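See below for the structure under consideration.
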Protein chains: 4
Amino acid sequence: MKWSRRFRPMDDFSISQRLASNHFLFSNGCLRRNLGKSGLRVSCLGLGTWVTFGGQISDEVAEQLMTIAYESGVNLFDTAEVYSGGKAEIILGNIIKKKCWRRSSLVITTKLYWGGKAETERGLNRKHIIEGLRSSLQRMQLEYVDVVFANRPDSNTPMEEIVRSMTHVINQGMSMYWGTSRWSAMEIMEAYSVARQFNLIPPVCEQAEYHFFQRDKVETQLPELYHKIGVGVVSWSPLACGIITGKYENGVPESSRASMKPYQWLREKILSEDGRKQQAKLKELTYVAEKLGCTLPQLAIAWCLRNEGVSSVLLGSSNPIQLTENLGAIQVIPKMTAGIASEVDQILGNRPHSKKDYQH
Amino acid sequence: MKWSRRFRPMDDFSISQRLASNHFLFSNGCLRRNLGKSGLRVSCLGLGTWVTFGGQISDEVAEQLMTIAYESGVNLFDTAEVYSGGKAEIILGNIIKKKCWRRSSLVITTKLYWGGKAETERGLNRKHIIEGLRSSLQRMQLEYVDVVFANRPDSNTPMEEIVRSMTHVINQGMSMYWGTSRWSAMEIMEAYSVARQFNLIPPVCEQAEYHFFQRDKVETQLPELYHKIGVGVVSWSPLACGIITGKYENGVPESSRASMKPYQWLREKILSEDGRKQQAKLKELTYVAEKLGCTLPQLAIAWCLRNEGVSSVLLGSSNPIQLTENLGAIQVIPKMTAGIASEVDQILGNRPHSKKDYQH
Amino acid sequence: MKWSRRFRPMDDFSISQRLASNHFLFSNGCLRRNLGKSGLRVSCLGLGTWVTFGGQISDEVAEQLMTIAYESGVNLFDTAEVYSGGKAEIILGNIIKKKCWRRSSLVITTKLYWGGKAETERGLNRKHIIEGLRSSLQRMQLEYVDVVFANRPDSNTPMEEIVRSMTHVINQGMSMYWGTSRWSAMEIMEAYSVARQFNLIPPVCEQAEYHFFQRDKVETQLPELYHKIGVGVVSWSPLACGIITGKYENGVPESSRASMKPYQWLREKILSEDGRKQQAKLKELTYVAEKLGCTLPQLAIAWCLRNEGVSSVLLGSSNPIQLTENLGAIQVIPKMTAGIASEVDQILGNRPHSKKDYQH
Amino acid sequence: MKWSRRFRPMDDFSISQRLASNHFLFSNGCLRRNLGKSGLRVSCLGLGTWVTFGGQISDEVAEQLMTIAYESGVNLFDTAEVYSGGKAEIILGNIIKKKCWRRSSLVITTKLYWGGKAETERGLNRKHIIEGLRSSLQRMQLEYVDVVFANRPDSNTPMEEIVRSMTHVINQGMSMYWGTSRWSAMEIMEAYSVARQFNLIPPVCEQAEYHFFQRDKVETQLPELYHKIGVGVVSWSPLACGIITGKYENGVPESSRASMKPYQWLREKILSEDGRKQQAKLKELTYVAEKLGCTLPQLAIAWCLRNEGVSSVLLGSSNPIQLTENLGAIQVIPKMTAGIASEVDQILGNRPHSKKDYQH
């Protein structure tokens, strides 16, 4: 019982059993999983465009990254209207067009909230959901996306308006599904409740930060949603904005993102006491990675996927070598046994636990 | 608790608190408020086009007025199919096109009821709601409006048909929201009831006359609707068709609107005993305005906005100087304390009150 | 069209037509009407117990009054938990038991709101509706009432809770129908809306004050409810707490109710300028009554019933002679033509009118 | 707007305003509040029976405690089927019967989950909710309770079954309302969602631990539920199982609860490092209490009630002197200004805060 409501690590048996079933299917090397309990099959690794597309990297590198990903079996590409002020969507759209990939072989997702300077151009009110998605589609030169996400909750708009508007853009053919990003379990449940009450379309998935050092929401709150209402997880930042690569082991190198002005908060985080404790744990985890014959980032990515509620992990690489390495995590997934998971838990020391009950 | 059901004047504390919160945000100088409890953020002052556009004023002046308003942060522009026989919409549309303002930065609203001479061209029947809105959009050269209003109730059409038709034009993408104009609280509640019963879209706001001498509906009936079903108010005639400008202090000047033939009723109203009493009160209110360092019209406009259920006040100026002065009311809003409101109440002597209960 | 939304006086033709139809049926001399659009047929005159039962009059007089009424064809007897602190219900119940009238020949109604000193013993919360009605039934020695009324609105209890609780007591067999008393049209519409939304039982009727000098609510707001959602009116105080009897023509006699301490407000009302103007109008109305060959109170009662939305008029007599006279109003109803109604209107000068529309 | 979604401390103005309005009414000295947004008015202090009734204290003391409470204006008495193996309910019922208090003046609540040794006698399945409540009512010699609580969540029973069963016992007249105890915000929202989907009765309130050292759930999660779906809080353990009385300032005295075997966990908590830090903070809070002219426990209790979502605080005293002192907290409530609340916050250093947003 308990397991059905919390995170359930897969034992060796279930892994092999699932490999035999159609739950995991290899397609060009990358496993497929259902997006939540929807019927949509997404690659268990996806490519994000945050910071990179239209920003950190050139359009050529962007194209290389997408090509490597696509040819490795990745079908999920995620962006947002706010990324690089709309440029991420433009570049993504250009590449798709240029490469002539079949639209039906791709799962394209974008996110809405911050669309422009005017107050009517942001938030999750009906006007912005419709106008914002229309603009996103124009930038990407697409007729529709596969999933449109609410990029954050909007306490300023009634939930009924949000769910009605998401249902509207789906009914208009502008998107196939809708999801949430950085919403609390309660907010997602409220959206589901409103959808059921008014016979509207409920969300299929939540985008959430998830990595070694940020486990709580994905491991304690979201599994309940997955089991009860079928909402899955697309996780982001598997390497904790680069912290888990090990590159900050000896401070913050000048070339790294954390040395850039807008990432002052990241720099501070790394150099804090907590940050140094994390580096120590990463050192220990390196031995686990070595034991499995993989790199630390690969271990970190595969570790996210041991959680069956996680439909896909978004990678955010800025260069082809790094991306190729990260994609190699796919080979590690079958080695992610309950034993390894518990070894990782002991090193991290942050496994979320349920509270002891007493009879008040 | 009691407060939640009737008009609640804002005390100094709540004003400053709200200014600090994101309920009110300055955007080019004009505060934003939610349209009712919808997520749409409208400027607390809007520009109406009644009598002026296509009538009293030239197209050039119309463009000047819209430009001043837009550049002062006004995003709400209101018109109706019946204004100047459709010309108001044509002019409004031409200006928007010429100025190249982003559609998503504008909140355009129109109103339907009297669309033409044929009986099939008026009322709130399905045929006229669809045909009428389509014609309005053509005249304005727009794909959609943000709010379509039923310009008056239509006892001749079943409420179910009205709400179904409004829901239809919204689902067709011809409007984002719908509202009512000059409906009774009961009629609005009936529309809401029908929307809930058949899972249709309820109205978000009522357009109502509201000024010093017309308070009852907005202060006693509509607050209940706002708190119960989220229907807000867009108010019009803040200066009581010009009565509150003070220009009728010594009778009706020849150049004024009230001297025009179709405004015979206005002339009569001004010259009546009630009209003369009003002029005396306005004189007293001038002292309050002076104390706040503003003009009487500015006081009158800011006074409307002390009511939190009022989302926006439509201004109906016919010349740039007057409009600029009226827009100055924005500076007066923070000075509209409970103390000032009660001073105004004492002068007006028409504060609506609740009835004493006895145990029948 | 207009007529369907406002009060419609009956012309001579419709009277005779209706007399022929089954809308009015004589039963022992007292016409029957449907209670709102429900199927329940109530006598168009009913007997109230406010002030009198358990207060002003002895139990013997109470029995005489009920007997006269019942034998004149009155089937509707109204009381409330608050009347004389519960004594009115006890006396009513004792008389019914003693007289051995068939329960099925009676329409017994009571009203809930003020049930006791504790705060849990008042209001329209679920606890008090259930406990209060149970106590009322015990006092009356009845298994059920025919209509239970909410004696006033309760802004402190959600409408859903009120409607659910009223539906519950009906489903439990404690009442046949439910109604409202002194609710606004908006509140009744909200109750209807909630009933439709959650498939609960809507109210069938509103108890409202209605007489020559209090016309607004019953003539302008309630007809709309009657036509739209079938809510009828049971009116009370047809003689304006005795003002219309003419007994206050020359001031307030010592023996009258208005000379009693708790009715200080009534005394003041009578002696006010408004009160004196009313006496002048009543003098004029006496001539109309003479023309019809009836007394002024009979005219006043019959006048209430010219309004087809009024299902029944509650009489509140304190002695048999007065009651017999009042019941004589039944003979006057057929004489209440549109011509007479308009004559009365001219004398009263308070006919509510609709506002002129203009094309804003 | 922001305030409406999170905990809102009351400033001096709103306190005095509310005291003047009918939101709070003194009744025998104890303020009334609505139970959540239901219409039921409960005393803001209630008497719990956990550990005490049928356990720590004699039946005579239990009677003394209930009498003191009732005569001080407390109307809320809480128990559970599991307390002292059912004995708490028996004693509570005996006292009510003996004292002849009007049932309608009392709000009696009990809680279901652990009803017996057999597995069919526990949990929130339909069988146990019906059988368990029936047994509770028999033990208490009552026809119904006012609120029946689910004593904890039951992941083993589908939410639909729980909500259907709660609705069933309410429809059967065995309870007036239902609530939850120690459920997460998500679980409560799910119950609400199911109630709306199937037109069942939603819960009105959550019982939650709330005191100086346990603030998170009541201050960050439950306010959202209160504002969105009207679910209020009945809080328990205002003195943190006695920790806040100050009696553990110098360790664990032999006579105290914490020295008893089953309260080993409490002893450990007190003697831990965290426990010692808490004692230091309590010392500082004593000065705040002195400034307000009250005791530390009175401050702690009044502090809970500054949160408008808290309908009532359950006291768990084991002797009359202590209870009388605790009830004195009522006098402290009006002194609980925003200033004092913020002073307490600074001493405690655990005010829950919202997270900073960034544009992922």
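Naming: A, B, ... by sequence-line order, numbering from 1 per chain. These numbers come from a predicted model, not from an experiment.
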So, the side chain of [X] versus the backbone of [Y]: is there a donor-acceptor pair under 3.5 Å, distance only?
| X | Y | value |
| --- | --- | --- |
| A/K127 | B/Y177 | no |
| A/E161 | B/G39 | yes |
| B/N34 | A/N156 | yes |

Seminar exercise, completed: With chain A, the option among B/R102, B/Q172, B/K37 that has the most non-hydrogen atom pairs under 4.5 Å is B/R102
Exercise. Given the options B/L106, B/V204, B/N75, which has more heavy-atom pairs under 4.5 Å with chain A than any of the others?
Worked result: B/L106
Exercise. Considering only heavy atoms from C-beta outward, does the side chain of A/E121 approach that of B/S105 to under 4.5 Å?
Worked result: yes
For this session: Using the test side chain to side chain contact (heavy atoms under 4.5 Å, CB included), find all partners of B/T67 that sit at least two apart in sequence or belong to another chain.
Result: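 Per chain and number, B/T67 pairs via side chain to side chain contact (heavy atoms under 4.5 Å, CB included) with B/E63, B/E71, B/K99, B/W101.
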Problem set entry | Chi angles and distances behind the side-chain contact (heavy atoms from CB on, under 4.5 Å) call for B/N171, A/N171 | CA-CA 9 Å; B/N171 285 339; A/N171 286 339; over 6 Å; no
Problem set entry | Working for side-chain contact (heavy atoms from CB on, under 4.5 Å), residues A/R126 and B/I170 | CA-CA 10 Å; A/R126 186 176 185 94; B/I170 289 173; 3.3 Å; yes
For this session: With chain B as the partner chain, list the residues of residues 192-203 of chain A whose heavy atoms fall under 4.5 Å from it, by residue number, and write 'none' if nothing qualifies.
Result: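 Under the 4.5 Å heavy-atom cut-off, A/F198, A/N199 qualify.
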For this session: Spell out the residues in residues 129-136 of chain A that have some non-hydrogen atom less than 4.5 Å away from a non-hydrogen atom of chain B, in order of number; otherwise answer 'none'.
Result: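 Near chain B, by residue number: A/I130, A/E131, A/R134.
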Problem set entry | Which residues share a salt bridge (Lys or Arg N to Asp or Glu O under 4.0 Å) with A/R103, sequence neighbours left out | A/D146
